Amino acid sequence: MMNSVSESFKSNPIQLNRIIPLDFNAVPEVPDSHTWIQSTDDPPFDPFAAESVPVIDLTQPDAVLLTRHACEQWGVFQLTNHGIPIDLLTELEFQTRHLFSLPLDQKLRAIRSPEGCTGYGLPRISTFFPKLMWSEGFSIMGSPVEHCSQLWPHDHAKFCEVMEEYQREIKDLTERILGLMLRSMGLTREDVEWLKPREGSKLPQGLLHLNSYPVCPDPSRAMGLAPHTDSSLLTLLYQSSTTGLQVHSENVGWVPVHPIPGALVVNIGDLMHILSNSRFKSPTHQVLVNKTRHRISIAYFYGPPGDVKISPSMTLIDHKHPALYRPVTWKEYLDAKAMHFNKALASIRNDVHIAH
Ligand SMILES: C=C1C[C@]23C[C@H]1CC[C@H]2[C@@]12CCC[C@@](C)(C(=O)O1)[C@H]2[C@@H]3C(=O)O
Ligand SMILES: O=C(O)CCC(=O)C(=O)O
Ligand SMILES: [Fe+2]
């Protein structure tokens with residue numbers, strides 16, 4: 001049986017493997033294919049503005065309240081004291097750098113097929129933009145052994161071991177954070193019984209995605225990862241120590257998410273936006289590149305079991321708060337995203353009249 005992500009990719013194969021990724025190390029300047037015109041719609045960022053993405057210590061007693069606040073105001077927060085050992089994060093970053101530092105022709109041996117989830121390639125959202133991004137990625141769903149033996153026929157054991165151990169740890173943590181978010185919305189365990197993986201189901205509910213943003217000769221003319229929202233319930237991101245991630249806030253414009261050593265970034269995905277009936281908003285975010293440092297990040301996208309329809313929670317709905325979205329499975333939502341990109345949420349919105 002296939003999982004939701006592979007099912008959606010099968011129905012929406014993208015021919016990104018026809019585009020040969022740029023050999024970033026070999027180009028002295030940003031080629032026309034990768035040149036972006038910076039938008040001037042937003043006010044310039046004010047570094048002295050008081051606004052910044054909230055930081056939540058998972059061991060603090062009022063974590064639930066802080067979570068609700070962060071999810072309503074920002075849709076994103078940084079998490080400290082989360083229990084994932086720093087040594088594992090350091091090893092994860094080391095292995096990720098090792099992979100991306102391979103010569104391009106070697107990485108291309110593990111290229112993602114048009115309908116595949118695992119392997120090397122460009123961001124899937126690249127098809128929605130006229131110019132290419134200054135980044136490359138490697139996705140892993142379940143075991144990476146098959147693709148890694150294409151990369152390193154003999155010595156992939158350590159890489160695979162680290163990726164599998166991190167997936168186990170991050171899955172447990174993500175489920176804890178999910179519980180925290182749902183409780184903070186006032187939902188009980190019974191309200192979300194359906195979210196639990198089916199007994200005996202071995203299908204992964206998460207996808208690990210390694211991002212690499214090589215050093216760029218002219219960052220002002222390039223884009224690391226174009227503005228988007230995540231198609232998950234929630235995403236946990238390890239961004240190591242290089243700046244570049246920004247989230248869009250309605251009042252302030254683009255706000256940088258400053259790296260905090262050992263912290264994880266927790267990001268609301270579109271499915272949580274639906275489940276919360278728009279109380280928690282999935283934030284638009286982007287990544288800028290820089291001239292001197294090679295940025296690495298590792299995202300874990302978590303979604304519901306394949307047969308589960310996500311819809312606005314009954315406990316949040318009444319005549320003043322009608323259900324804003326139609327029920328969708330993860331696959332159906334990924335299909336909508338593949339078709340409508342940043343209009344995907346709007347494409348499943350109910351036409352409702354709000355009572356006063
Ligand atoms: C489970 C997911 C989440 C996906 C699609 C699918 C697998 C790959 C993920 C990413 C990873 C890179 C950014 C993004 C925007 C992209 O292009 O591919 C993500 C996208 C999404 O959040 O929509
Ligand atoms: O590299 C980052 O900080 C963000 C990556 C991201 O947004 C994604 O993979 O969806
Ligand atoms: Fe993202």
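When reading the values below, keep in mind they use all heavy atoms of this one structure, side chains included, and skip hydrogens, waters and symmetry mates. Predicted, not measured: the structure shown is a model, and the values here were computed from it. Counting starts at 1 for both ligands and their atoms, following the listed order.
With D270 as the fixed residue, the salt bridge (charged side-chain N to carboxylate O under 4.0 Å, His left out) test singles out one of R349, K281, K337: K337.
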Check the pair V53, V265 against side-chain contact (heavy atoms from CB on, under 4.5 Å), reporting the backbone distance first and the verdict last. CA-CA 10 Å; V53 170; V265 178; over 6 Å; no
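Looking at H34 and D32, their side chains never bring a donor and an acceptor atom within 3.5 Å of each other. A donor-acceptor contact closer than 3.5 angstrom links the side chains of S6 and N3.
Nearest protein neighbour of atom 10 (O) of ligand 2, counting heavy atoms only, is H228 NE2, 3.2 Å.
With respect to the Fe ion (ligand 3), D230 has OD1 as its nearest N, O or S atom.
How far CG of L65 is from CD1 of I56: 9.5 Å, rounded to the nearest 0.5 Å. Separating the CG atom in L89 from the OH atom in Y166 is a distance of 6.0 Å, to the nearest 0.5 Å.
Less than 4.0 angstrom separates atom 14 (C) of ligand 1 from none of the non-hydrogen atoms of the protein. Using a 4.0 Å threshold on non-hydrogen atoms, atom 4 (C) of ligand 1 does not count as touching the protein.
Compare S135, G269, S231 by their heavy atoms: the one nearest to atom 21 (C) of ligand 1 is in S231. Across N3, L334, I125, heavy-atom proximity to atom 2 (C) of ligand 1 is greatest for L334. Scanning F128, W330, F9 for the heavy atom closest to atom 1 (C) of ligand 1 points to W330.
Close approach of ligand 2 to H285 is summarised as follows: ligand atoms under 4.0 Å from at least one heavy atom of the residue are 7 (O).
Between Y120 and F138, the ring center distance fails the sub-6.0 Å criterion.
Taking distance alone, with nitrogen or oxygen atoms compared against 3.5 Å, Q239 stays at or beyond that limit from ligand 2. For ligand 1, one of its N or O atoms has an N or O atom of R124 under 3.5 Å away.
Between E136 and K107, at least one side-chain nitrogen of the basic residue sits less than 4.0 Å from a carboxylate oxygen of the acidic one, meeting the salt-bridge criterion.
Proximity of D230 to ligand 2, defined as any heavy-atom pair under 4.0 Å, is confined to the side chain (atoms from C-beta onward).
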